[in-house]
2 protein chains.
Amino acid sequence: MRLSDAEWKVMNALWACEPATARAVLESLEDSDWAYTTVKTMLARLVEKGILTEEKSGNKSVYASCMSRQVARRSAVRSLLDKAFDGTFGSLLHHLVDDERLSAKEKSALRKALATRKRSSS
Amino acid sequence: MRLSDAEWKVMNALWACEPATARAVLESLEDSDWAYTTVKTMLARLVEKGILTEEKSGNKSVYASCMSRQVARRSAVRSLLDKAFDGTFGSLLHHLVDDERLSAKEKSALRKALATRKRSSS
DNA sequence: ACTATTCTTCTACGTTCGTAGTAGAAGTTC
DNA sequence: GAACTTCTACTACGAACGTAGAAGAATAGT
């Protein structure tokens, strides 16, 4: 399932405070000045897409995600690969290392992560 | 400037054979069965967005990109970071190493690339 | 119980996307 | 130069997106 930019915005907010009411999500979106009903609309659409569950408690709805951030991220990466990197990780990794300006710190963190992972999983 | 999925498709085709006519782009899109006019519409939109130039030669238009693949890729990565990875490379890299199932081969390629780059640039 | 606040549901409206048809101009073939 | 092919320009149209107002239902304060 595919998330639009605005949907990512609300999902990011929700993941940070779920389960949450629409109002809580709105407040957790400090940097944006969406109307309450806008948030509500997004939430409803996400429920409809099966990405969130909505549970009524009294007259309020409480929302919770059915999709973890990790899964959503994977699918976003997948979709980037498909459209922009010939569908392969290799291509993306190559780009990251060669064409993006990673700081020395980022590079060394990456190297370290790789080294660790090499041993632990495979 | 932002490319949609379909726009990426035509850009990928175009980068592979530019400068090219609409027909050439269509043919370079073997795996898709778009109508000629669909390609034409996409090209026109890309020209309007300033991503392509269109040059008439006789009654045909020849298209060429103003935006390199690398730049487009950077901006796609940037936009992924912003919506899904807190805007930081660190977060993406961490995800790649920890949460995506990179094959051993990919990992070692990545390690190698990093090692090389370590010496050559920066 | 009455009013103010808050929620929810429904509806709306402009924009971008994906996809393509139609019509007319230009070039090609015999 | 008449018929056929190919191009271009214009228009269309439904789906998804971004954004939000209006109206009505529930709750809360006094």
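Just so it is clear, the values below take in all heavy atoms, side chains as well, and ignore hydrogens, waters and symmetry mates. In what follows, chains carry the letters A, B, and so on, assigned in the order in which the sequence lines appear, proteins first and then strands, with residues in each chain numbered from 1.
- Remark on DNA chain C: of its neighbouring residues A/Arg45 and A/Glu54, the 5'-side contact belongs to A/Glu54, judged by nearest-heavy-atom nucleotide.
- As judged by a 4.0 angstrom heavy-atom cut-off over every strand, A/Lys9 is placed among residues making no nucleic acid contact.
- Atom CD of B/Glu7 and atom C1' of C/dG18 are 10 Å apart (whole Å).
- With rounding to whole Å, B/Lys83 atom NZ is found 14 Å from D/dG18 atom C1'.
- With rounding to whole Å, A/Trp34 atom CH2 is found 11 Å from D/dC17 atom C1'.
- Between A/Glu7 and A/Arg2, no side-chain nitrogen of the basic residue sits less than 4.0 Å from a carboxylate oxygen of the acidic one, so the salt-bridge criterion is not met.
- With A/Arg111 contributing its side chain and A/Glu106 its backbone, the two residues share no donor-acceptor pair below 3.5 Å.
- In this structure, A/Asn59 and A/Thr37 both approach DNA chain D, and ranking their closest nucleotides by distance from the 5' end singles out A/Thr37.
- The separation between A/Tyr36 atom OH and C/dC10 atom P is 15 Å, rounded to whole Å.
- Checked against D/dA20, C/dT19, D/dA9, the side chain of B/Thr41 finds its nearest nucleotide in C/dT19.
- A cation-pi arrangement is found for B/Lys9 relative to B/Trp34, the charged atom lying closer than 6.0 Å to the ring centre and inside a 45° cone about the ring normal.
- Side-chain N/O atoms of A/Thr38 include none lying less than 4.0 angstrom from OP1 or OP2 on D/dT19.
- Using a 4.0 Å heavy-atom cutoff across all strands shown, A/Ser4 reaches sugar-phosphate atoms only and no base atom.
- In this structure, CG of B/Leu26 is placed 11 Å from P of C/dA20, rounded to the nearest angstrom.
- Atom CG in B/Leu43 sits roughly 14 Å away from atom C1' in C/dA20 (whole-Å rounding).
- For the pair B/Arg69 and A/Asp86, the salt-bridge criterion is met [side-chain N within less than 4.0 Å of a carboxylate O].
- Within the 4.0 Å cut-off from OP1 or OP2 of D/dG18, not a single side-chain nitrogen or oxygen of A/Lys40 is found.
- Whole-Å rounding puts the B/Ile51 CD1 to C/dC17 C1' distance at 14 Å.
- Using a 4.0 Å cut-off between charged side-chain N and carboxylate O, A/Asp82 and A/Arg78 make a salt bridge.
- At the heavy-atom level, B/Thr21 lies nowhere under 4.0 Å from the strands shown.
- Rounded to whole Å, the distance from NZ on A/Lys60 to C1' on D/dT27 is 8 Å.
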